[in-house]
Amino acid sequence: MTDNSAAGPSLIKLGKLANSRDFDKLEALWSDALSSTEYTWKELLPIAGQVGRQGAVDRAEPLLESLIGWVEENRSLEDAVEAVRRAAHQLPGGSKLVGQMKRLYEAMHPDFEQLPDLLELQLDGAEDLDAAVTSIELYARLQPGAFALDRSFLVCGQVESLQGEDGRLTVRFEDRKAEYGPDTLNKLRPRPADFFPGLMIYDPERLRTLADEDAPGFVKLALASQREGRVSYRELKGWVTELKGEKGWKSWWATAKPALKREPKIGMSSGSQPQFRLLRQADRYEDRLKRKFDHAKDPRDKLTRIMNYLDEVDRDAKQSKGAHEADAELLKHFGNGAAKVAVAVVKEDPSLALAGLALHAEVAARGVDVARPNPKAATQVLSRLPDTGSLVESLPEPLVHRVLDYVRRYLPEGWEKIWSGVLMKAGKRLCDVIPRVLIEENKQATLQGALLAAVERPTGSPDLLCWLWRTRFTSSALG
């Protein structure tokens with residue numbers, strides 16, 4: 001940058017004039033400097049401050065006054081107050097700035113009843129304007145009703161009263177009170193009007209309404225008040241229970257949980273008692289699930305994630321009465337992903353391939369635009385199984401249920417034989433389900449054949465024999 005430019009004098013030249021005490025030339029260039037597009041008014045402040053530090057406070061004050069006036073006229077009231085704040089820091093002894101300070105602070109806080117008296121108290125005769133402005137800023141954040149913390153108290157306090165004449169204020173800390181004056185004001189740390197711990201004590205109705213109308217907003221407010229931006233399930237339950245009671249917590253959590261999982265700004269861990277954290281950047285729940293699915297290396301893990309999401313969607317829809325619908329794009333990605341898994345593992349693990357086909361068909365049945373299921377695929381994959389009972393040994397029970405439903409739908413002729421083969425190796429729960437369906441569908445002959453085979457080889461189907469014994473005993477008991 002040259003010493004002079006079309007956009008005004010350079011900062012280098014202005015700084016040299018201040019350091020060399022050539023104040024007349026500096027003042028002559030000051031108006032052009034304020035209008036320059038090469039730098040901002042904030043960069044000019046230290047130059048005026050340097051004049052004051054040269055022992056020429058009386059020459060620095062007009063420079064700062066004109067700068068503050070220019071900012072107020074060409075920028076905003078907020079910027080003008082910021083200029084006053086910075087000017088006080090650059091020129092702590094600038095008494096001629098007091099008038100502008102009073103006017104701007106009163107304009108900035110027109111509803112602050114005690115402010116005129118506080119300005120008189122702090123600014124008139126002040127030897128250190130920087131310290132005085134710091135106190136005024138603090139008082140502005142400690143108006144009656146404001147929240148504040150004091151290390152001497154474990155709970156958040158609320159300002160009850162403020163006397164402008166002497167700058168004394170009274171703060172209530174739940175069932176205790178404390179008084180502060182200009183000399184002890186720095187003990188207080190103001191907190192915003194939506195400070196969660198303060199609202200819990202002094203305005204619980206506001207939080208109660210927020211929890212009812214916007215559960216994610218309630219949790220985000222709680223997270224924002226925590227130093228590390230984290231909240232435990234136990235803490236959340238304690239707050240909601242305090243606001244709504246134990247019964248209210250249960251009903252609130254049932255509807256809030258699905259909404260919290262889907263809130264882009266909240267990270268929620270898995271499990272029945274999750275942890276919550278405030279995210280720096282929004283991250284959609286569906287995007288998180290998609291990333292985890294895409295990064296999963298194990299085909300079984302991929303199918304489990306799809307199954308869990310389908311179950312979650314059904315469960316959440318029931319609990320929230322349809323308020324939370326499945327994401328169509330994610331379902332499409334999962335549906336096609338299940339089909340890809342089936343193709344990839346069909347040779348080495350036909351049981352898992354069948355589970356992939358089942359999940360693909362289930363997604364398609366929900367009206368999602370995925371690749372159309374092949375009706376013949378089930379037969380082709382089943383032919384690779386040496387024994388349909390191996391499904392029980394190869395797959396977790398929830399996936400076995402889905403495979404059974406898939407076979408029943410896509411093999412209307414002969415599905416009962418597959419079910420019968422699974423029954424021979426089934427565990428206790430499946431032994432309750434499969435016979436009931438076979439009976440309902442008039443497939444008693446198939447069931448009878450499976451039971452006779454189990455009796456002939458009792459060690460091969462222990463759970464089925466137990467089911468047979470329980471059923472016979474129950475029927476006998478009922479007469």
Side-chain angles (χ1 to χ4, degrees), residues 298-308 310-311 338-339 341-362 373-475:
D298 182 7
R300 189 180 302 270
D301 182 23
K302 283 181 173 288
L303 295 186
T304 300
R305 290 181 183 278
I306 297 173
M307 178 182 67
N308 289 342
L310 294 174
D311 289 341
V341 169
V343 172
V345 303
V346 66
K347 291 182 179 180
E348 63 270 19
D349 194 343
S351 295
L352 195 61
L354 202 59
L357 292 176
L359 290 171
H360 173 243
E362 182 176 343
N374 181 359
K376 298 180 180 180
T379 302
Q380 295 170 355
V381 177
L382 283 167
S383 66
R384 293 177 176 270
L385 292 174
D387 174 16
T388 54
S390 62
L391 288 168
V392 177
E393 300 168 348
S394 302
L395 300 175
E397 190 172 294
L399 276 179
V400 175
H401 277 283
R402 281 179 155 84
V403 168
L404 291 174
D405 290 339
Y406 168 68
V407 168
R408 184 180 175 190
R409 178 175 181 180
Y410 284 90
L411 291 178
E413 299 294 333
W415 65 267
E416 68 274 12
K417 295 179 181 179
I418 309 301
W419 281 54
S420 175
V422 172
L423 180 59
M424 300 300 294
K425 299 288 183 67
K428 181 179 178 180
R429 285 188 294 269
L430 279 173
C431 283
D432 287 333
V433 173
I434 294 176
R436 184 179 69 249
V437 175
L438 290 174
I439 293 172
E440 291 173 353
E441 296 294 329
N442 295 318
K443 304 296 181 180
Q444 289 91 340
T446 301
L447 175 59
Q448 184 178 13
L451 294 176
L452 290 174
V455 172
E456 291 175 2
R457 298 182 60 186
T459 58
S461 307
D463 286 302
L464 182 55
L465 286 177
C466 290
W467 174 86
L468 177 60
W469 175 258
R470 291 197 312 273
T471 305
R472 289 174 61 87
F473 178 77
T474 303
S475 299

Novice: Give, for atom CD1 of Ile434 and atom CD1 of Ile418, the distance between the pair rounded to the nearest 0.5 Å.
Specialist: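 Taking CD1 in Ile434 and CD1 in Ile418, the distance rounds to 11.5 Å.
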
Novice: Taking atom CG of Leu395 and atom CE of Met307, what is their separation to the nearest 0.5 Å?
Specialist: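 Separation between the atoms: 9.5 Å.
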
Novice: So, the side chain of Thr304 versus the backbone of Arg300: is there a donor-acceptor pair under 3.5 Å, distance only?
Specialist: yes

Novice: Supply the atom-to-atom distance Asp311 CG to Ile306 CD1, rounded to the nearest 0.5 angstrom.
Specialist: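 Those atoms lie 12.0 Å apart.
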
Novice: What residues, two or more places apart in sequence or in another chain, satisfy ring pair (Phe, Tyr, Trp, His ring centres under 6.0 Å) together with Trp415?
Specialist: Trp419

Novice: For salt bridge (Lys or Arg N to Asp or Glu O under 4.0 Å), just list the numbers for Asp301 and Arg305, CA-CA rounded to whole Å, side-chain angles, deciding distance to a tenth of an Å, and then say yes or no.
Specialist: CA-CA 6 Å; Asp301 182 23; Arg305 290 181 183 278; 3.4 Å; yes

Novice: Counting C-beta onward and ignoring hydrogens, is there a side-chain heavy-atom pair between Asp387 and Met424 closer than 4.5 Å?
Specialist: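 No, side chains not in contact.
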
Novice: Compare all side-chain heavy atoms of Val422 with those of Val403 and state whether any distance is below 4.5 angstrom.
Specialist: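 No; the side chains remain at least 4.5 Å from each other.
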
Novice: Are Leu399 and Leu359 packed together at the side-chain level, in the sense that at least one heavy-atom pair is separated by less than 4.5 angstrom?
Specialist: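 Side-chain contact under 4.5 Å: yes.
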
Novice: Can you give me the closest heavy-atom contact between Ala450 and Leu464, atom names plus distance?
Specialist: O-CD2, 4.1 Å

Novice: Charged N to carboxylate O under 4.0 angstrom, Asp405 versus Arg409?
Specialist: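 So Asp405 does not pair with Arg409 through a salt bridge.
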
Novice: Roughly how far, to the nearest 0.5 Å, is NZ of Lys376 from CG of Leu411?
Specialist: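 Leu411 atom CG to Lys376 atom NZ measures 12.5 Å (nearest 0.5 Å).
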
Novice: How about Val346 and Gln380: do any of their side-chain heavy atoms sit closer than 4.5 Å?
Specialist: no

Novice: Can you give me the closest heavy-atom contact between Leu468 and Val455, atom names plus distance?
Specialist: CD2-CG2, 4.1 Å

Novice: Can you tell me how far apart CG (Leu357) and OH (Tyr406) are? Round to the nearest 0.5 Å.
Specialist: 4.5 Å

Novice: Indicate yes or no: at least one non-hydrogen side-chain atom of Glu416 is less than 4.5 angstrom from one of Glu441.
Specialist: no

Novice: Below 4.5 Å, heavy atoms only, C-beta onward: do Ser351 and Leu385 meet side chain to side chain?
Specialist: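 Touching, per the 4.5 Å side-chain cut-off.
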
Novice: Hey, are the side chains of Leu430 and Leu404 touching, using non-hydrogen atoms and a 4.5 Å cut-off?
Specialist: yes

Novice: Sequence neighbours left out, what pairs pass ring-ring contact (aromatic ring centres under 6.0 Å, His included) with at least one residue falling in residues 430-467?
Specialist: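 Qualifying pairs, neighbours excluded: none.
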
Novice: Are the side chains of Pro373 and His360 in touch, meaning some heavy atoms are under 4.5 Å apart?
Specialist: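 Yes - at least one pair of side-chain heavy atoms lies under 4.5 Å apart.
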
Novice: Measure the spacing between CG of Leu451 and OG of Ser461 and express it to the nearest 0.5 Å.
Specialist: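 Leu451 CG to Ser461 OG: 9.5 Å, rounded to 0.5 Å.
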
Novice: On a heavy-atom basis, which atom in Ala426 and which in Asp463 lie closest, and how many Å separate them?
Specialist: O-CB, 3.4 Å

Novice: Other residues, nucleotides and ligands only: do more than 12 of their heavy atoms fall within 6.0 Å of CD on Gln448?
Specialist: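 Atom CD in Gln448 is not crowded, with 12 or fewer foreign heavy atoms closer than 6.0 Å.
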
